[in-house]
Amino acid sequence: LTTLLSPQLAIRNEINIIKIFFMDNIYLKLYNKFIKLTTNKLLYKNLQQQDTFSDRLIFFLLHFAFFLKIYKKDNDKELMQEIYDYIFRQIELSIREIGYGDQSINKKMKDYLNLFYAMINEIHDWDILEPKTRISVLSKFLDNRDNIDYLVEYFEKYRLNLLKNTLNSYIKGVIKH
């Protein structure tokens, strides 16, 4: 029994490594699409201070929240969970690259996850909200913005773009925004 345990663990580890590598290849285009959307210079127009990693991450999370809102109901839950896991693993890696320690990373990830769930909760009824309410929703997450009206319009266009396209087209990276 003990002689079989070691090869079984080695096989299981190899399968996990292959799965992680495969997932990276599948969802990398999607992750890069969110990065590209997040680096749109118009999002930072009229920002009252220099944009920070946190500012960019807030825009990233807003894009991802709208993405999940649109695609979660009509797609496989396992697939959506894999996408969610991949995206947050990439965010954690980005935080590590900045140089935060393990304890700081855990706290930051907890804060960002709480923020993300608050975003999902707030945009849940976005499609039926009045423009003034949409402004209020985005203002909760985007401080110091003079262009909040533009951002409401931007995220509405983004939502409509998501509705026009399939999840598969986003995963394959064939969507232009």
Side-chain angles (χ1 to χ4, degrees), residues 5-40 43 53-127 137-138 141-142 154-177:
L5 185 60
S6 184
Q8 285 176 343
L9 288 175
I11 290 170
R12 186 171 278 169
N13 285 338
E14 193 172 311
I15 289 171
N16 286 338
I17 290 169
I18 290 170
K19 185 177 178 183
I20 289 169
F21 178 74
F22 183 65
M23 268 183 29
D24 283 354
N25 287 334
I26 291 175
Y27 305 128
L28 183 60
K29 288 179 182 175
L30 180 60
Y31 177 77
N32 286 337
K33 179 68 175 174
F34 289 132
I35 293 294
K36 185 176 180 182
L37 289 169
T38 299
T39 57
N40 177 349
L43 296 176
F53 175 78
S54 264
D55 293 327
R56 291 180 183 258
L57 189 55
I58 287 169
F59 279 121
F60 184 97
L61 293 175
L62 278 168
H63 282 97
F64 189 44
F66 276 98
F67 175 87
L68 285 181
K69 177 194 179 330
I70 299 300
Y71 292 120
K72 74 176 181 182
K73 62 182 171 229
D74 295 330
N75 290 284
D76 179 50
K77 289 182 183 196
E78 239 179 78
L79 173 65
M80 297 308 292
Q81 185 64 49
E82 284 180 9
I83 292 170
Y84 173 90
D85 291 344
Y86 179 79
I87 295 296
F88 276 98
R89 187 175 23 236
Q90 292 303 113
I91 291 170
E92 182 180 346
L93 289 172
S94 294
I95 294 171
R96 286 184 189 283
E97 285 178 10
I98 291 173
Y100 287 103
D102 285 341
Q103 288 180 337
S104 297
I105 289 172
N106 290 338
K107 183 182 180 329
K108 288 277 186 196
M109 286 305 295
K110 183 179 176 186
D111 292 344
Y112 290 134
L113 282 168
N114 288 335
L115 177 65
F116 180 69
Y117 286 121
M119 288 174 177
I120 287 177
N121 189 47
E122 290 292 329
I123 67 165
H124 180 73
D125 295 323
W126 180 270
D127 45 335
V137 165
L138 286 185
F141 306 110
L142 302 168
Y154 170 87
F155 279 106
E156 177 58 12
K157 286 179 182 175
Y158 174 64
R159 184 186 73 83
L160 294 173
N161 184 278
L162 289 169
L163 287 168
K164 288 190 311 190
N165 295 286
T166 65
L167 173 63
N168 199 35
S169 59
Y170 270 93
I171 290 173
K172 291 183 177 180
V174 294
I175 299 297
K176 302 286 185 222
H177 182 71

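When side chains are defined from C-beta on, Tyr31 counts as touching Phe60, because their heavy atoms get closer than 4.5 Å. Two residues are said to be in side-chain contact when any heavy atoms from C-beta on lie closer than 4.5 Å; Tyr154 and Asn40 meet this criterion. Between Leu61 and Ile91, some side-chain heavy-atom pair lies under the 4.5 Å cut-off. You'll find the side chain of Val137 stays beyond 4.5 Å of the side chain of Met119, heavy atoms only. Annotation: side chain of Leu30 is not in contact with side chain of Tyr86 (no heavy-atom distance under 4.5 Å). At a threshold of 4.5 Å between non-hydrogen side-chain atoms, the residues Ile95 and Phe53 count as touching. Within the 4.5 Å cutoff, no side-chain heavy atoms of Thr38 are placed close to those of Leu43. Side-chain atoms of Leu142 and Leu62, non-hydrogen and from C-beta on, do get closer than 4.5 Å to each other.
Separation of atoms CG (Leu28) and CD (Gln90) is listed at 7.0 Å; rounding is to 0.5 Å. Here the CG atom belonging to Asp127 is positioned 8.0 Å from the CG atom belonging to Leu163, to the nearest 0.5 angstrom. The CD atom of Glu82 sits 8.0 Å away from atom CG of Asp76, with the distance rounded to the nearest 0.5 Å. Lys108 contributes atom NZ, which lies 5.5 Å from atom OG of Ser54 (distance to the nearest 0.5 angstrom). Rounded to the nearest 0.5 Å, atoms CG (Leu162) and NE2 (His63) are 9.0 Å apart. Atoms CD and OG, on Glu97 and Ser94 in that order, are 5.5 Å from each other to the nearest 0.5 Å.
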Checking side-chain contact (heavy atoms from CB on, under 4.5 Å) for the pair Ile87/Tyr27: CA distance, chi angles, key distance, verdict? CA-CA 8 Å; Ile87 295 296; Tyr27 305 128; 5.9 Å; no
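Checking side-chain atoms of Asn165 against main-chain N and O of Asn161 turns up a donor-acceptor pair under 3.5 Å. In this structure a side-chain-to-backbone donor-acceptor pair under 3.5 Å is present from Thr39 to Ile35. Looking at Lys29, its side chain never comes within 3.5 Å of a backbone N or O of Ile171 through a donor-acceptor pair.
Ion pairing of Lys69 with Asp125 is absent here, as no side-chain N (NZ or NE/NH1/NH2) approaches a carboxylate O to less than 4.0 Å. A salt bridge does not link Glu92 with Arg89: none of the charged nitrogens is closer than 4.0 Å to a carboxylate oxygen.
A donor atom on one side chain and an acceptor atom on the other are not found under 3.5 Å apart for Tyr71 and Thr166.
When all heavy atoms are compared, the tightest approach of Ile120 to Ala65 is CG1-CB, 3.9 Å.
Residues Phe34 and Phe66 keep their aromatic ring centres 6.0 Å or farther apart. Taking the ring centroids of Phe116 and Tyr112, they lie at or beyond the 6.0 Å cut-off. Ring centers of Phe67 and Tyr158: at least 6.0 Å apart, outside the cut-off. For Trp126 and Phe155, the ring centers sit 6.0 Å or farther from each other.
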